[in-house]
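We count residues from 1, following the sequence as given. None of the values given here were measured: they were computed from a predicted structure.
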Amino acid sequence: MKDSKFSKNLRYALIFFFAIFFIALAGQKFPESYFHLADPLVMMGAVVLPTPYALLVSILACAAVDWIKGYTLLALTTVVAKILLVLAVKGLMKLPAAQKNPDLIAAPAALLSIPFYYLGAAIDYFYNHLPDAPISAALTYATRVLKKETVQAFLGILVFILLYGIYKKMKDRKNKQPQE
C-alpha cells in the first residue's frame with residue numbers, strides 16, 4: 001500500500017525537524033552565539049520537502065534551539081534567516097542553470113547567514129546595553145560574529161553539496177528499480 005503524499009511529507013518533515021534540531025542543539029558555544037552545521041540540513045529540507053513543510057521545519061527547529069540556548073533575540077533573526085534560506089534554495093533550484101548542477105547553484109544560499117547573524121548580534125548587543133548603547137558600539141561588537149559565520153557558511157556549502165550528492169544517488173537508484 002502506497003503512502004499518501006501528506007503522510008510521506010509529514011514523515012520526512014519530522015525526520016528533518018529532529019535532525020536540524022539536534023545538529024543545532026549540539027552546536028559549540030561562542031561568545032556571541034554557537035557554531036553548528038544545521039543550515040545544510042535546512043537547505044536539504046528545502047530540496048526534499050514542499051515549501052510550507054520546509055519553512056515550518058526549519059523555523060521551528062532552529063528558533064527552538066536559540067530559545068533553549070538563551071539567544072531569545074537571535075531567535076527572531078533566525079526566523080527571518082531560515083525563511084530566506086528556504087526560499088532562496090527553492091528559487092535557485094528553479095533557475096535554468098540549476099538543471100545541470102542544482103547543488104552548485106543552490107549552495108551559495110548558505111552565505112545568507114552571514115549578514116543576518118551580524119545584524120542579530122548587533123541588535124542583541126544594542127538591546128542588552130540600553131539605554132546608553134551607541135549603535136556604532138553594537139555594529140563594532142557584531143563584527144565578532146563575522147569570522148565564525150563565514151566559516152560556518154562555507155562549511156555549510158560543502159556539506160550541502162555532499163548531502164545533495166548522496167540524495168541524488170539515492171533518488172537515481174530508486175528511479176532505476178523496476179516498479180511493482
Side-chain angles (χ1 to χ4, degrees), residues 3-27 33-99 101-124 145 148-150 152-168 170-171 174:
D3 283 336
S4 73
K5 199 168 193 109
F6 173 76
S7 67
K8 182 179 179 181
N9 286 335
L10 187 58
R11 186 174 61 238
Y12 286 137
L14 287 171
I15 291 168
F16 274 104
F17 174 84
F18 286 112
I20 292 166
F21 179 82
F22 286 114
I23 291 293
L25 191 62
S33 64
Y34 55 99
F35 182 88
H36 64 82
L37 287 175
D39 282 354
L41 293 173
V42 168
M43 295 168 71
M44 283 306 301
V47 170
V48 174
L49 297 168
T51 303
Y53 288 88
L55 286 169
L56 277 173
V57 162
S58 63
I59 290 167
L60 294 176
C62 293
V65 171
D66 283 350
W67 283 318
I68 289 168
K69 290 191 175 235
Y71 299 111
T72 310
L73 282 175
L74 190 59
L76 298 173
T77 306
T78 294
V79 167
V80 175
K82 298 316 169 206
I83 289 170
L84 290 177
L85 180 57
V86 168
L87 295 178
V89 170
K90 291 282 192 187
L92 290 169
M93 296 290 281
K94 291 179 182 176
L95 292 174
Q99 298 305 311
N101 294 306
D103 53 339
L104 299 179
I105 299 301
L111 298 172
L112 286 171
S113 68
I114 299 169
F116 277 98
Y117 291 110
Y118 171 80
L119 182 60
I123 291 168
D124 187 55
V145 304
K148 176 200 73 89
E149 285 301 324
T150 302
Q152 183 172 293
F154 279 101
L155 284 174
I157 288 171
L158 295 175
V159 171
F160 172 73
I161 292 169
L162 174 70
L163 291 174
Y164 189 88
I166 294 167
Y167 164 75
K168 183 75 172 136
M170 290 172 59
K171 191 174 175 182
K174 184 179 178 185

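- Rounded to the nearest 0.5 angstrom, Cys62 SG and Ile59 CD1 are separated by 9.5 Å.
- Annotation: side chain to side chain contact (heavy atoms under 4.5 Å, CB included) contacts of Pro50 (sequence neighbours excluded): Asn9, Pro52, Tyr53.
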Derivation and outcome, side-chain contact (heavy atoms from CB on, under 4.5 Å), residues Leu25 and Lys69:
CA-CA 8 Å; Leu25 191 62; Lys69 290 191 175 235; 4.2 Å; yes

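- Between Phe160 and Val47 the shortest side-chain heavy-atom distance falls below 4.5 Å.
- Minimum heavy-atom separation, Ile105 to Ala98: CG1-CA, 3.7 Å.
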Check: residues 79-88 side-chain donor-acceptor pairs under 3.5 Å, at least two apart:
| from | atom 1 | to | atom 2 | distance (Å) |
| --- | --- | --- | --- | --- |
| Lys82 | NZ | Asp39 | OD1 | 2.5 |
| Lys82 | NZ | Asp39 | OD2 | 3.4 |

Worked verdict on Leu163 versus Leu41 for side-chain contact (heavy atoms from CB on, under 4.5 Å)
CA-CA 8 Å; Leu163 291 174; Leu41 293 173; 3.9 Å; yes

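- Of the inter-residue distances, the one linking Ile114 atom CD1 with Lys148 atom NZ reads 10.5 Å to the nearest 0.5 angstrom.
- Within the model, atoms CZ of Phe116 and CD1 of Ile123 stand 10.0 Å from one another, a figure rounded to the nearest 0.5 Å.
- Under the rule for a ring pair (Phe, Tyr, Trp, His ring centres under 6.0 Å), the partners of Tyr167 that lie at least two apart in sequence or sit in another chain are Tyr164.
- Note on residues 13-24: no pairs pass salt bridge (Lys or Arg N to Asp or Glu O under 4.0 Å), not counting sequence neighbours.
- Across all their heavy atoms, Val145 and Ala121 have their closest contact at CG1-CB, 3.6 Å.
- Across every non-hydrogen atom of Leu111 and Ala153, the tightest pair is CD2-CB, 3.9 Å.
- Within the structure, side chain to side chain donor-acceptor pair (under 3.5 Å) contacts touching residues 101-114 (residues at least two apart or in different chains) are Ser113-Glu149.
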Verdict with reasoning, Tyr71 to Thr77, per side-chain contact (heavy atoms from CB on, under 4.5 Å)
CA-CA 10 Å; Tyr71 299 111; Thr77 306; over 6 Å; no

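- The CD1 atom of Ile157 sits 7.0 Å away from the CE atom of Met43 when rounded to the nearest 0.5 Å.
- Counting all heavy atoms, side chain and backbone alike, Ala75 lies closest to Ala63 at CB-O, 4.1 Å.
- With sequence neighbours left out, Lys168 forms a salt bridge (charged side-chain N to carboxylate O under 4.0 Å, His left out) with Asp172.
- Separating the CZ atom in Phe18 from the CD1 atom in Ile15 is a distance of 10.5 Å, to the nearest 0.5 Å.
- Phe22 places none of its side-chain heavy atoms less than 4.5 Å from the side chain of Val65.
- Nearest approach of Val89 to Ala106, heavy atoms of both residues: CG1-CB, 4.2 Å.
- At a threshold of 4.5 Å between non-hydrogen side-chain atoms, the residues Asp124 and Leu74 do not count as touching.
- A distance of 3.5 Å separates CG in Asp66 from OG1 in Thr78, rounded to the nearest 0.5 Å.
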Going through the checks in order, is the side-chain contact (heavy atoms from CB on, under 4.5 Å) test met by Phe21 and Ile68?
CA-CA 11 Å; Phe21 179 82; Ile68 289 168; 3.6 Å; yes

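- When every heavy atom of Ala24 is checked against every heavy atom of His36, the shortest pair comes out as CA-CB, 3.9 Å.
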